[in-house]
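Step one of this worksheet: look at the structure below.
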Amino acid sequence: MTEHPLAPEVAEFRETFAAIRRELGRVIVGHAELLDLVVIALLAGGHVLLEGVPGLGKTLLVRTLAQVLELRFSRIQFTPDLMPADILGTNLIVQDDTGRRRFEFQPGPVFAQIVLADEINRATPKTQSALLEAMQEHAVSVAGVSRRLDEPFFVLATQNPIEMEGTYPLPEAQLDRFLFKLRVAFPGLDELREIADRTTGPEEPAARRVADGPTLLGMQGLARQVPVARYVQEYAARLVLATHPDRPEAIDAARRLVRYGASPRGLQALLRAGKVRALADGRLNVAIEDVRALALPALRHRIILSFEGEAEGADPDDVLRRAIAQVDARPLPAAGP
Amino acid sequence: MRDARELDPVLRRIALRCGIGAAARTLARSAAAASAGLLCWAAVTLIAPLPFPLGRVAAALAVLLAAASPVLAWWHRPSLRAAAQVADRRLGLADRLGTAVELLDRPRPPEGLERLQVAWATATARGIAPRAVAPLRVPREAWAAVAGGALLALYAQFLAGWALPGTPAARTLVVIHREGQALEQAGRRLEAVARAQRLPEARRASTQIAELGRRLRSQRIGREEAARLLRGMDRQLEATQEAVERRLLAALPGRDGAGADREPSPSESGARRLAALEEAVRELQAVSGRIRAGGPDADRSDVSRRLAALSQSLERFGAPPSVRHRVAEARRDAQRGALSGAAGALSDALQDLQGLERMLGDEQALGEGRREVRRASEKIAEREPSGATVDEVTPQGAAQAVPSRAAGPNPPSPEASDDSVPPPPGPNQGSLPGQGNGPGRGAPTPRLGGTRVPVHLSGVPGEGASSLREIAAPGREGSARLPATPPPATVAREIDRALVREPLPPAYLSVIRRYFETLGGAP
């Protein structure tokens, strides 16, 4: 295959991506795809919802990421009694040296660059929704004053899929703000052995810092320039439409099991993440295979199952796989002079 | 833009190869479908008497498909964008070329990463071999077409002409075989007549007719093929008949133009002319015989009178001038008493007239042969053939055309031998007194028995079985009461007219007439 004459910034992007990925791999055992997707989401300017049982290294992943990127990190442990002000911050009355008292804003933990929202589904919807503006607008409004968050801003939320008692499932609007929903699988035998070696020895592995905020912002800007062909966009759009039960393009499974399909944000997520994936892979254009590879993490949390789907225990991933198969089966554009 | 200039030729070559491949697939599918259709057609011909010109249809299809290939290749040629996508997919280029083509198609020139992407795609395209993207392979559907062609070849070799028993196709086959048998027998009869009268063209034609009949009878042959063969034979006979007519026209200037009598239907004027000619020949023979019998003592006035009458007769039917001149010369010799000179002139005239007679006989026999061929052709072309089998059917040609017009009550047996030698003459037919197998000269003529045995024909012509029964009744001795005497000329003339009026084959007229003349001359 002919190598393209890499522009310096593209080469730098690849190197930085590989470095971040390598440093994460020093600490996190296994989960190669998960790590790739987390970095992709970070460089695409999106947020990630991690779903997995406790003890799989979710928090460690976020903390390691903060170390590697030299970004301000904060962790919010979501509990039922957590209030929005506990996340966003609040105005406190403070007295200065002259004795005058005034309101002063005390920023909450959301004022960081990497925020770990641990067990986000344990907080009430009111508190969960406090993150909405921060995630979408990268700004926080308190007492009528809007405050920008520092860029890059990256929220990594976790939730436990097993302990559902006393939890508040995330509302659709909240879910839609996440670029990816990633499922953290339980490690295999080799990975467990490796975890044991690394964490029970005299020295714990430590990640080195390989990038900072401005570097990440530059990488995000470069990724946005990656061209996407019209037919690749069309492929992604067809994929999204195939999940909508009331659309003519819908697949049978969607008509039967889905109440509402992926939103336009799903399409944006596919293409934004696809651009980063292409660059990370050394390519200068988004390919259909990028869209295909990112469809499950980018769309699975945007599909709302119907009652029948819930009753049957259907998995949105299955619906998406069928949608991919159907869209893949379409022939090439009609031939003609 | 340089990148576009470099990218387009590669993509065009890929598009062309894609078009050729798609055209090949379409052609292979079409050929497979056509061969399947032809196989169905072939299967139907085993049941229904449909025409199935396999060779012509296959050739036409091949020409059509060959002519359509470039059009199909052009029609199926994908766009450059589609060609780029095909290359991306086949070579695993992750939509590199497709994206570049789109970027180049945009109104604004590529910039930033877009420009880099186009340059990268162009560099990639330089190393692409179009045959690696779109290899030209034999389509899978081609094997179906080959299999269909092989099955068609097997059909043509082993099954063509066969028909399932009890089907319309089988009935048509029966009709073809029956008409073949009839033609063969008609050809043999024509050959016998041609041999007896020394008619060269008729003899050749009769052999060909018999051969055609044998072919129709013995081979697996379809209706169309049979009709084609019959048409060919008809054209051949027509050409021969035309040549004979041209010769006749040269010999008889007063005769109607060529082609006027060329229709195979019986020509009354031709028969009348032949009858007049035969009468003239007969009269010439009688006068010559009288001169030879009488020698120098022959009655000159009688000879002269008869020659004068003969001259008038020759004048009426437009005999050749040379004949008329010789007859006039003979008459002058007779009047002068030079009977030997008259005999020589009459002999020359007789030879000329006999030559003419043979030509006329040829013409009439050829016409008869054409009628037989056309009748067989019409029978075969009938839409609903009867269900009779070959064994059950009496050849109608044998029953209607030649034998029924032959002289004598016992027509020649249809079961003639296969060799070219004509069958031996029967006791009273096709032979002259003293030459046949009948009783000796002077013995009573064998007659049929007094009790008539009716002949029953079952069914209608062309349908069902018919039976033929030979009537073999013993003759009665001593039944003849009057001695045979030569008929007077007036009676002979009346007989001639009666014969002309009868629907007899012209070729048989001379045989019948000679038979009775010989009877008249017998003591």
Distance-only criterion, 3.5 Å: show the donor-acceptor pairs between side-chain atoms of residues 130-147 of chain B and protein atoms not counting sequence neighbours.
residue  : atom : partner : partner atom : Å
B:Glu141 : OE2  : B:Arg29 : NE           : 3.2
B:Glu141 : OE2  : B:Arg29 : NH2          : 3.4

All N/O donor-acceptor pairs, side-chain side in residues 49-69 of chain B, below 3.5 Å, sequence neighbours left out:
residue : atom : partner : partner atom : Å
B:Ser69 : OG   : B:Leu65 : O            : 2.9
B:Ser69 : OG   : B:Ala66 : O            : 2.9

Review point. So what's closer than 4.5 Å to chain A heavy atoms on B:Glu102: side chain, backbone, both or neither?
Key: side chain

Review point. Who in residues 221-230 of chain A is close to chain B, using a strict under-4.5 Å heavy-atom cut-off?
Key: A:Leu222, A:Gln225, A:Val226, A:Pro227, A:Val228, A:Ala229, A:Arg230

Review point. Does CD in A:Glu12 sit with more than 12 non-hydrogen atoms of other residues, nucleotides or ligands closer than 6.0 Å?
Key: no

Review point. Has the side chain of A:Asn285 got a donor or acceptor atom that lies under 3.5 Å from a matching backbone atom of B:Asp95?
Key: yes

Check your understanding: At their closest point, which heavy atom of A:Ala287 faces which heavy atom of B:Ala94, and how far apart are they?
Key -> CB-O, 3.3 Å

**Study point:** Straight-line distance of A:Glu289 CD to B:Asp88 CG, nearest 0.5 Å
**Key:** 10.0 Å

Check your understanding: Got a sec: does the CD of A:Gln136 have more than 12 other heavy atoms crowding it under 6.0 Å?
Key -> yes

**Study point:** Those residues that, when tested against A:Glu234, pass side chain to side chain donor-acceptor pair (under 3.5 Å) (two or more places apart)
**Key:** A:Arg238

Revision key, fill the gap. Ranking B:Gly98, B:Gly112, B:Ala22 by heavy-atom pairs under 4.5 Å to chain A gives rank one to B:Gly98

